[in-house]
Structure formats: structure tokens, C-alpha cells
Amino acid sequence: MNATRRTVCATSFGAVAQNLVARSCRDGAIGVVGDVVERFSSGCYVRFGDELVAVGNVPRGPLHVVVDGAQRDLGSGRSVMLRAGGPPATIAETAIANALVIDLSRARLWAPSPPRGDELAALSASCSSLDVDALVASDLADVWDSACASIRAGDAQRAVEQLQGRGAGLTPTGDDVIAGLLLAGAWTRPDRIAEERRIELAGAVRTTSLSLSFLRWAAVGQSIEPVHRLVVAAASRDPERFAAATEAVAAIGGSSGRALLAGLAAGLTDVLAF
């Protein structure tokens, strides 16, 4: 069995991996094993019970474990074990046969801080210059105007119903807009009551399990690192730096980054909706 086992070290991991490994340690295990369910160019998604984790040469984020080059070792149906360290001899061979073991012991936890008031003001001002309508893909054309009207009216529930599950991709375009709206709400209204409402909204979205994972974290103010870099770029008051950061987000996925930008900009304009 040792011939089929390889251990690699992660450089960064998010809150989902942290929680999974902590739970396994409390249960007396030294790691948690999941199955590869979807592959993409730089890594894969691994399911651990009800949770999904993106593994590979991926941006830092709440669902992400960054392991440069690990995607070469991941094939369809292969297992992955996340562990917090410890002697290899203590790992049950039966638990990791044919699995890639990812050691988190030397990796950094990625836990971004929410924007400060001045940073948020700078981001809102910078996002006001974005052409939100131009960012939205054609697969939302039939609902975009009505969804915007719902957002302006402060009807978050109606906006979610109009956007949820619409569009193509592993995370549908409409869900990416919702993620941006939730993120804007988390940054502008961090109070407990508003957060509980966002979590409830995110959990009720009818969509894919992957989208739900991203939406739940957006509801509490976390997204992938390029999105958080927008805050730093806006706070620098350097238009070229903000433009570059915006382009980096827009380049994510087929249309996911652009849709998230649209939702973020719309949410920062109508802060009471989410």
C-alpha cells in the first residue's frame, strides 16, 4: 500500500479544511479522507461528507487547500486525506490506500480580515465607476433588470429567487452575483442579526452544492483572495492598481468573476438589501 501513497505539504488552507481536520482530531483520528468529485485545470474538488474543498494550485480562500503541483497526482475517483501532521506510522494503512495525503502542519491558515471603514468607503467609490450591466453575462439577460429592481427596493429574498441557479458553469452566473451581494452585505452590515439573515438566505438558495459552499462563506464575508485584493487596491487610491485587481477578478472562470463583481458593486450601492 505504501507504493500508492504520497504525502505532500500544503502552503495554505482555509476555514473549511481547518474545521474538518479539527473535528477529526476531536474524534480521535489524525486526518479526514474525502473523494475527488470534479477536476479542473489546476486541481480538483474533494468531497468530505457535506463539505467541498478545492485542492491544487488554486487561489487562497475559505474552501481552498493550496498545494502547488498536486493536481498531477489526482485522478478521477481518487481519495485525498487532509491531516495536521504526526508520524506517518500512526496513519492507518487502510484509511489511505491509494490516497494522496496532504499535510497541513506547515501551511498557513488563510483568514482575511474584514475591510476597515476607510477601506470600505474607498472600495464603494471605486466600484461605483464599474459598468455593472456590462459585467453580467447574457444568460441573465431575462432577469437582470427585475433583479436589480428588487435589490434597489431592498428585497433580498426576491432578488435571490430571481437569480438562483441561473446560468452556466460549476457555479451558475446568478449564484455568482448573489455571492457578490452577500459579500457586500457582510462587509457593510457585519452585525449579528444581519449576518444571520444572510446565512439563512445563502442556505436556502436552490443550486449546486459547490455554489452553496461559496455562498455560505460569502454570507460571513469571505471569498477567494483576488476578491479581497480589491479592497487593498481600492484603498491605495491608485486607479491603475484597482483596474488590475478588477481584471484579475473578472478573469476568474468563464463568467464567475465578472458576475461576482457585478453583485459586489450592486450590493455596495444598495447596502440595505443584504
Side-chain angles (χ1 to χ4, degrees), residues 8-20 34 36-48 51-74 80 82 100 102 104 106-115 119 123 127 135 169-173 175-180 182-184 186-187 208-236 241-265:
V8 296
C9 294
T11 58
S12 173
F13 61 95
V16 172
Q18 179 191 36
N19 294 340
L20 286 168
V36 176
V37 294
E38 185 80 38
R39 288 178 291 171
F40 48 92
S41 60
S42 59
C44 66
Y45 288 107
V46 184
R47 180 175 293 283
F48 297 89
E51 298 282 7
L52 282 171
V53 174
V55 174
N57 188 14
V58 294
R60 295 191 295 177
L63 279 66
H64 300 63
V65 173
V66 182
V67 188
D68 295 342
Q71 65 270 21
R72 293 193 299 269
D73 300 298
L74 298 171
V80 172
L82 301 177
L100 175 69
I102 300 178
L104 305 182
R106 287 178 282 180
R108 288 190 172 188
L109 172 65
W110 189 75
S113 300
E119 292 175 329
L123 180 64
C127 284
L135 290 169
L170 291 174
T171 55
T173 310
D175 297 352
D176 294 323
V177 174
I178 295 171
L182 290 168
L183 195 60
W187 289 349
T208 66
S209 57
L210 178 59
S211 267
L212 280 173
S213 297
F214 279 108
L215 290 172
R216 289 188 184 111
W217 282 100
V220 296
Q222 284 201 33
S223 185
I224 57 175
E225 187 173 29
V227 178
H228 289 267
R229 285 180 183 160
L230 282 172
V231 178
V232 178
S236 73
R241 185 176 179 183
F242 182 73
T246 300
E247 289 172 7
V249 174
I252 296 169
S255 61
S256 289
R258 294 169 62 86
L260 191 148
L261 275 173
L264 182 63

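- Separation of atoms OG1 (T171) and CG (L212) is listed at 11.5 Å; rounding is to 0.5 Å.
- Smallest separation of non-hydrogen atoms from L170 and S211: O-OG, 4.2 Å.
- Minimum heavy-atom separation, P172 to T208: CD-OG1, 4.3 Å.
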Go through the steps for L264 and L230 under the test side-chain contact (heavy atoms from CB on, under 4.5 Å), then give the verdict.
CA-CA 11 Å; L264 182 63; L230 282 172; 4.0 Å; yes

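- Between F40 and Y45, the ring planes are tilted. Angles from 30° to 60° get that label.
- The heavy-atom pair separating A179 from A218 by the smallest distance is O-CB, 3.6 Å.
- No side-chain heavy atom of R258 sits less than 4.5 Å from a side-chain heavy atom of T173.
- In this structure, S12 and H64 have side chains that are not in contact, with every pair of non-hydrogen atoms separated by 4.5 Å or more.
- Taking 4.5 Å as the limit, every side-chain heavy atom of P115 sits out of range of all side-chain heavy atoms of L123.
- Between P62 and W110, some side-chain heavy-atom pair lies under the 4.5 Å cut-off.
- At a threshold of 4.5 Å between non-hydrogen side-chain atoms, the residues L82 and F13 do not count as touching.
- The CG atom of L261 sits 8.0 Å away from the CD1 atom of I252 when rounded to the nearest 0.5 Å.
- Side-chain atoms of V80 and V36, non-hydrogen and from C-beta on, do get closer than 4.5 Å to each other.
- Between L63 and V53, the closest side-chain pair of non-hydrogen atoms is not below 4.5 Å.
- In this structure, CD on E119 lies 10.5 Å from OG on S236, to the nearest 0.5 angstrom.
- Across A233 and R241, no two heavy atoms sit closer than the pair CB-O, 3.8 Å.
- The minimum heavy-atom distance between Q222 and L183, with the atom names listed, is N-CD1, 3.7 Å.
- With rounding to the nearest 0.5 Å, the separation of CG in D176 from CG in L215 is 8.0 Å.
- L52 and S213 make their closest contact through CB-OG, 4.2 Å (heavy atoms, listed as atom of the first residue, atom of the second, distance).
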